[in-house]
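Quick caveat, the model's predicted, so the values are computed rather than measured. Order of listing sets the numbers, starting from 1, for every ligand and every atom in it.
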Amino acid sequence: MAETPSDSIDAPWIVRVALDVPLRRYFDYLASATEPISHDDIGYRVRVPFGRQSKIGIIVATDTVSERPVDQLKAIETVLRDVPRLPTDWFRLAEFCAGYYHGAIGQVMLATLPAALRSLSAAKARSAKRRASCPAEAQIAPALTADQQAALNAIEAHGDGFKAFLLHGVTGSGKTEVYLRLIERTLVRGRQALLLVPEINLTPQLETRIAARFPDARLVSLHSELGDAARSRHWRAAHSGEARIVLGTRLAVFTPMPVLGLIIVDEEHDTSFKQQDGLRYSARDLAVYRARQNDIPVVLGSATPSLESWANATGNGGRERYHLLSLGGRAVPGAGLPAIRCIDTRVDRLHDGLTIPLLSAIESRLARGEQSLLFLNRRGYAPVLACAACGWVSHCPACAANLVLHLADRRLRCHHCGHQTTLPRACPTCGNQDLGAFGRGTQRLEAALRERFPQARILRVDRDAAGTRRQWEMLATQIENGEADILVGTQMLAKGHHFPQLTLVGAVAPDAALFAADWRAPERLFAQLMQVAGRAGRAERHGEVLLQTRYPDHPLYAALARHDYAGFAAEQLAERRQSGFPPYTFQAMLRAEAENIADSLAFLNTAKRAVSAEKYPQIILYDPVPMRLARRARLERGQLLVESLSRRALQHFLADWLNILEHCKHPAHLRWHLEVDPLEC
Ligand code: ADP
Ligand code: ZN
Ligand code: ZN
């Protein structure tokens, strides 16, 4: 990265700076008379003139020559040495990220810094006002199960160097306990540990559990809901080496840590590790890269690993790149796996979305003072409001989607763009006052349950009821304290928290995902159901999971009932291999959005024709097509899939292609971006 400056004293010092601008290059400046610069300043932040303003950047190199005429270069304003220099491995990670995902290097680097360190207005980090943390009560580690011990031994056997491990075990199998032992070992060796979790899994429960185990090690968390000041304080503690354990979400993969010795990615299959806008990077994949580069172990854990990771660990991709470690059953003695059963809705009819067997199962939990959870991955009251007289339906004016009926606050809402209106009293086209709600969301399910079980305390948990981390924590505490009998919720309820009194899980309408057009839908459905099933009966009480379905014989449900992730994964991977889908091919997606679809598709066609197919025999460029949700927030969107059997060939092609695309003419209102390893097709 950095070139050594010549020792000629007369040569002007060129300072190469990364800036937060959408260009895939660095910017050269001159050292000023008042601000002498040396090679040792690489990694400091710097304030430089840019256009008519100043910007904060990062010094990435010093040099004696510049590609630009030296008399055109401006001088830097100030070097900011208030924060220790960013280390070499941090630069390498950012450069790899920008290279692999084809982003602008300066944007990548600056985006990973806390806001307080990258913006001029907040450039002076406020003095640290540390929350007086009460010393956590030390907690004694349980004796390990044989599986846990075997997993630890296997990791230990590989020593301190790079190796990727996939730790597979159902919810409650003791994965977190394995993480804690690994962290302990890392701390004993005087090194830092980085634990990455999905956004919603970063709960106080987890933080407390870690803090209680390591009362003497400073633990900091990094996530999206931290205030700027706290984020900056935590980041700096990690960067200085003072914090020994960093618990964070996606972006925390970039945290500079001087003596990093271990990376763990919990729930590695979770799609929240993939950034969905701006630079679309995978924090899980970057974690593996970072571990390799730092020559340290990385552990990916999950009950339902991503099929990419599973293929890597089972040799299904050709080569066993990850070491597979399996935890059998549940760690707590006597805690069995829940019994999973289908209710055939062709036989047992639905009444307000619920079958008699599911209703009686809830009733028996109520009688025993236990909790039930009903899982329905669709929020709102009903997905659409319609008029039977004239055929009007509640379309979103900005999207190719329906407005969802929210009865709780009597509004129609678009779940894609946020557009909302008040509930019409009558049909806007024909005046009919008898509008019908079609389908069922969590609010409607909640209403039906209230009618059915008027005495029960019912709690709905979805993004409407628990939009912020705080709201969700409050609901979770209520549930833990046994202040609810029936929980109704989306995927949100499937994650993170442990609810000891929960013994019944009902999946109300899981079928839709079975036949979705997205070929990743079965993988996601299996993971979701497995995760939500994992909420049932974790302690001494046995759990039961009931799935309401029209397809009780479907292989996905059969594998689920056997708790057979491996069988499910093998079947899915065989299908993917046959159809030529990832992980057996590598993909990238070019997307364009404009005021009309014709412009979007025209741009994508130009992009396709801009390269000659003969020059890239290993690359397949598909025809541009409208995206599945073709219109969103008044923009019409198209996409072009690029595929190759070789990751290297794909990367090589994308680099060439981007250089061309950046000069492709298009209407001013059109926006495009490239996503490598896209999760949505
Ligand atoms: P996971 O992360 O796989 O969901 P955890 O590590 O959270 O599993 O363990 C689930 C429960 O089992 C926790 O309550 C934990 O304290 C307990 N547990 C974990 N390992 C053991 C063990 N070896 N002996 C007894 N209890 C254990
Ligand atoms: Zn009408
Ligand atoms: Zn909309």
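- Around atom 15 (C) of ligand 1, the closest heavy atom drawn from Q205, Q148, R209, E177 belongs to R209.
- Close approach of ligand 1 to P142 is summarised as follows: ligand atoms under 4.0 Å from at least one heavy atom of the residue are 21 (C), 22 (C), 24 (N), 25 (C).
- Contacts between V178 and ligand 1 below 4.0 angstrom, taking non-hydrogen atoms only, are absent altogether.
- Taking the charged nitrogens against the carboxylate oxygens, E199 and R469 do have a contact shorter than 4.0 Å, which makes a salt bridge.
- One of the N, O or S atoms belonging to C399 lies under 2.8 Å away from the Zn ion (ligand 3).
- No side-chain heavy atom of D485 sits under 4.5 Å from any side-chain heavy atom of Q371.
- Atom numbering of ligand 1 starts at 1 in the shown order; those under 4.0 Å from a heavy atom of T171 are 4 (O).
- Between R181 and E156 no salt bridge is recorded (no basic side-chain N to carboxylate O distance below 4.0 Å).
- Put simply, the side chain of L194 does not reach to within 4.5 Å of the side chain of Q192, judged on heavy atoms.
- Taking a 4.0 Å cut-off on heavy atoms, V170 registers as neighbouring ligand 1.
- Residue nearest to atom 5 (P) of ligand 1, selected from G174, A331, G169: G174 (by heavy-atom distance).
- Looking at ligand 1, you'll find an N or O of T176 within less than 3.5 Å of one of its N or O atoms.
- Ligand 1 has an N or O atom lying under 3.5 Å from an N or O atom of G172, backbone or side chain.
- Set against the non-hydrogen atoms of T145, the atoms of ligand 1 under 4.0 Å away are 23 (N).
- Between H168 and W310, the angle of the ring planes goes over 60°, which puts this pair in the perpendicular group of the 30/60° scheme.
- The Zn ion (ligand 3) lies under 2.8 Å from an N, O or S atom belonging to C414.
- Using a 4.0 Å cut-off to heavy atoms of A143, the atoms of ligand 1 that qualify are 22 (C), 23 (N), 24 (N).
- The residue from H168, R181, Q149, K175 that puts a heavy atom closest to atom 3 (O) of ligand 1 is K175.
- Within the 4.5 Å cutoff, no side-chain heavy atoms of N201 are placed close to those of L206.
- Salt bridge annotation for K274-E675: present, with a cationic side-chain nitrogen under 4.0 angstrom from a carboxylate oxygen.
- For an aromatic pair to be called close, the ring centres must be under 6.0 Å apart, and H415 with H406 satisfies this.
- Of all heavy-atom pairs spanning P424 and L412, the tightest one is CD-CD1, 3.7 Å.
- Proximity of S173 to ligand 1, defined as any heavy-atom pair under 4.0 Å, is shared by backbone and side chain alike.
- Using a 4.0 Å cut-off between heavy atoms, A303 makes no contact with ligand 1 at all.
- With salt bridges taken as basic N to acidic carboxylate O contacts below 4.0 Å, one links R341 and E544.
- With salt bridges taken as basic N to acidic carboxylate O contacts below 4.0 Å, none links E267 and K175.
- Within the 2.8 Å limit, C417 places at least one N, O or S atom next to the Zn ion (ligand 3).
- Only the backbone of L144 comes within 4.0 Å of ligand 1, judged by heavy-atom distances.
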